[in-house]
Amino acid sequence: MASSSLPYFLFSSFLLFIAASYAAAAATSFRSHALVIPVSKDASTLQYLTTIHQRNPLVPVKLVVDLGGRFLWVNCDGNYVSSSYRPVRCRSALCSLVRGIGCRAGCSAPRPGCNNKTCVLPLDNTVTRTGTVGDLDSDVVSVKSTDGSNLGRVVSVSKFIFSCGPTLALKGLAGGAVGMAGLGRTKIGLPSQFASAFRFHRKFGICLSSSTAANGAVFFGRGPYRLLPGIDASQSLTYTPLFINPVSTATFSSGNEPSVNTSLLSIDNDGIGGTKISTVDPYTVMESSIYKAFTKAFISAAAAMNITRVAAVAPFSVCFSSKNVYSTRVGPFVPSIDLVLQNKRVFWRIFGANSMVYVSDKVLCLGFVDGGANPRTSIVIGGKQLEDNLLQFDMSTSKLGFSSSLLFRRTTCANFNFTSNP
């Protein structure tokens with residue numbers, strides 16, 4: 001079964017260019033204006049992980065963060081025990097709302113993940129790009145509230161909608177992960193369910209740490225999003241519309257501009273093409289002709305800075321000697337890349353910390369990879385390019401706010417105070 005998701009598309013430059021009433025009735029009586037969950041980076045897979053608490057009694061559940069994922073799914077085979085677990089019946093209003101595809105049958109002994117007459121829906125592992133089916137269910141989910149600066153009290157949604165997936169769906173996920181946390185634009189994505197349950201804006205911010213030793217964060221609800229030492233990153237955002245059909249161009253600080261077949265950056269009637277932002281791809285992936293135009297311009301700009309190209313190191317095809325590359329507050333001093341959005345006055349600048357990957361002390365590579373001649377999506381902006389940038393998705397107004405590198409403000413995404421409680 002082909003993998004599917006509801007990713008966030010941008011009208012952008014060639015590089016980006018880049019269940020409502022059900023959940024509302026099930027929230028705790030305390031009304032929080034914002035929630036926060038920690039996000040870590042797995043050193044071996046480069047996947048971004050979060051931990052929430054689910055079930056009764058509550059247990060920690062480690063999940064891969066999927067920006068375009070449609071909903072929360074967890075493996076329920078064998079060890080799922082909860083007194084508050086409830087299956088969602090097929091042919092119910094909720095099953096219709098989420099476009100369930102049928103009814104579960106053939107379960108001789110009812111258990112979480114296998115209850116006859118339960119709503120069944122497609123379930124995707126977007127890391128391996130494979131799909132299966134899962135039951136639609138509900139259970140308690142608990143996370144921490146926040147005032148934007150510190151952790152607040154624990155809050156719960158007693159009937160949080162999720163899907164029970166089989167063990168085979170875990171293939172390719174980071175060690176210890178038992179499912180995926182979908183942040184996509186659906187009625188049962190995490191942002192929509194939390195916003196409905198606590199009646200705050202359908203808005204969330206994601207701030208990925210570049211460190212495998214310190215956590216970033218996902219904030220649900222409006223800002224502030226304060227990072228040590230007292231910097232409200234939400235105050236430095238530039239906004240651009242989110243569209244389904246992106247059209248792009250790109251520039252470099254050197255003035256070089258790649259020539260790109262812009263037809264590849266629109267989405268055809270079959271959903272092929274375009275650009276999306278992803279947390280499950282570690283690096284930006286480009287269709288081959290786009291990649292060639294982009295790397296040609298970057299290599300030329302690097303040569304003008306006396307940066308020497310060296311042999312490629314997989315998975316990268318463009319690498320350089322570090323000899324003439326100096327360190328700055330925003331990473332290696334290399335050509336910066338401007339993601340020009342709806343007009344030339346609105347751009348997202350990528351510096352060396354987000355464009356380059358050190359593969360040894362002497363070699364660093366451009367952290368973009370060739371996706372081949374016929375990918376489903378022409379450009380997928382990966383996690384490396386998002387790290388230590390705050391992205392805020394306003395799902396109600398279809399806008400994206402972006403900060404560019406927080407390193408310029410002498411802070412990082414690892415600087416939210418997860419240890420402090422009011």
Side-chain angles (χ1 to χ4, degrees), residues 13-18 41-47 208-213 248-261 264 275 278 280-339 348-373 375 378-389 404-405 407-408 412:
S13 100
F14 138 62
L15 274 191
L16 206 192
F17 273 95
I18 190 168
K41 183 178 180 179
D42 181 68
S44 60
T45 64
L46 305 183
Q47 293 168 19
L208 301 177
S209 173
S210 59
S211 171
T212 58
S248 314
T249 62
T251 61
F252 296 88
S253 60
S254 63
N256 294 328
E257 185 167 345
S259 176
V260 176
N261 177 3
L264 294 169
T275 304
S278 170
V280 297
D281 291 272
Y283 307 106
T284 293
V285 183
M286 297 177 170
E287 184 274 340
S288 287
S289 66
I290 298 173
Y291 181 78
K292 289 176 182 177
F294 164 60
T295 53
K296 180 180 178 181
F298 190 91
I299 291 166
S300 176
M305 297 174 66
N306 200 30
I307 299 173
T308 304
R309 190 176 177 188
V310 298
V313 178
F316 311 111
S317 61
V318 177
C319 298
F320 302 92
S321 167
S322 62
K323 183 177 180 181
N324 293 325
V325 179
Y326 305 102
S327 295
T328 73
R329 186 189 305 169
V330 288
F333 185 51
V334 296
S336 59
I337 303 162
D338 288 345
L339 310 182
W348 176 356
R349 181 160 290 175
I350 293 180
F351 297 95
N354 292 106
S355 64
M356 307 304 293
V357 179
Y358 275 95
V359 296
S360 72
D361 291 340
K362 296 182 179 180
V363 176
L364 71 168
C365 299
L366 184 63
F368 297 73
V369 297
D370 189 335
S378 297
I379 303 171
V380 179
I381 305 302
K384 173 66 177 179
Q385 283 65 53
L386 307 179
E387 291 173 351
D388 293 320
N389 286 248
S404 195
S405 179
L407 302 179
F408 258 132
T412 73

Worksheet item: Which is it for Thr284 and Lys384 under the side-chain contact (heavy atoms from CB on, under 4.5 Å) test, yes or no, and what are the steps along the way?
Response: CA-CA 8 Å; Thr284 293; Lys384 173 66 177 179; over 6 Å; no

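Scanning both residues, Ser322 and Val363, for their nearest heavy atoms gives OG-N, 4.1 Å. Listed here is the closest heavy atom pair of Ala311 and Cys319: O-CB, 3.6 Å. The two residues Val369 and Pro315 make their nearest non-hydrogen contact at CG1-O, 3.6 Å. Between Ser278 and Leu386, the shortest heavy-atom distance links the atoms O-CD1, 3.7 Å. Residue Ile307 comes nearest to Ser321 through the heavy atom pair CG2-O, 4.2 Å, listed as atom of the first residue, atom of the second, then distance. The heavy-atom pair separating Ala213 from Ser211 by the smallest distance is N-OG, 2.9 Å.
In this view, Asp281 and Arg129 satisfy the salt bridge (Lys or Arg N to Asp or Glu O under 4.0 Å) rule, not counting sequence neighbours. Residues forming a side-chain hydrogen bond (donor to acceptor under 3.5 Å, both in side chains) with Gln47 (at least two apart in sequence, or on another chain): none. Every residue two or more places apart in sequence or in another chain that forms a side-chain hydrogen bond (donor to acceptor under 3.5 Å, both in side chains) with Ser288 is listed here: Asp370. By the side-chain hydrogen bond (donor to acceptor under 3.5 Å, both in side chains) test, Thr45 is found to be paired with Asp42, residues two or more places apart in sequence or in another chain being considered. Under the side-chain hydrogen bond (donor to acceptor under 3.5 Å, both in side chains) criterion, Thr328 pairs with no residue at all, not counting sequence neighbours.
For the atom pair CZ (Phe333) and CE (Met305), the distance works out to 4.0 Å, reported to the nearest 0.5 Å. How far CG of Leu407 is from CG of Asn389: 8.0 Å, rounded to the nearest 0.5 Å. Once rounded to the nearest 0.5 Å, the distance linking OG of Ser209 with CG of Asp388 reads 6.0 Å. Taken from OG in Ser378 to CE in Met286, the straight-line distance is 11.0 Å, to the nearest 0.5 Å. The distance from the CZ atom of Phe294 to the CD1 atom of Ile379 is 9.5 Å, given to the nearest 0.5 Å. Between the CG atom of Asn354 and the OG atom of Ser404 there is a distance of 8.0 Å, given to the nearest 0.5 Å.
Annotation: side chain of Leu208 is not in contact with side chain of Lys41 (no heavy-atom distance under 4.5 Å). The shortest distance between side-chain heavy atoms of Ser355 and Val334 falls below 4.5 Å. Proximity of Phe320 to Thr308: side-chain heavy atoms (C-beta onward) are nowhere separated by under 4.5 Å. Two residues are said to be in side-chain contact when any heavy atoms from C-beta on lie closer than 4.5 Å; Phe408 and Val330 meet this criterion. By the 4.5 Å heavy-atom criterion applied to side chains, Val318 and Arg309 are counted as neighbours.
Between Phe298 and Phe368, the ring center distance fails the sub-6.0 Å criterion.
Sorted by first and then second residue, the side-chain hydrogen bond (donor to acceptor under 3.5 Å, both in side chains) pairs with a member in residues 357-367 form an empty list; sequence neighbours excluded.
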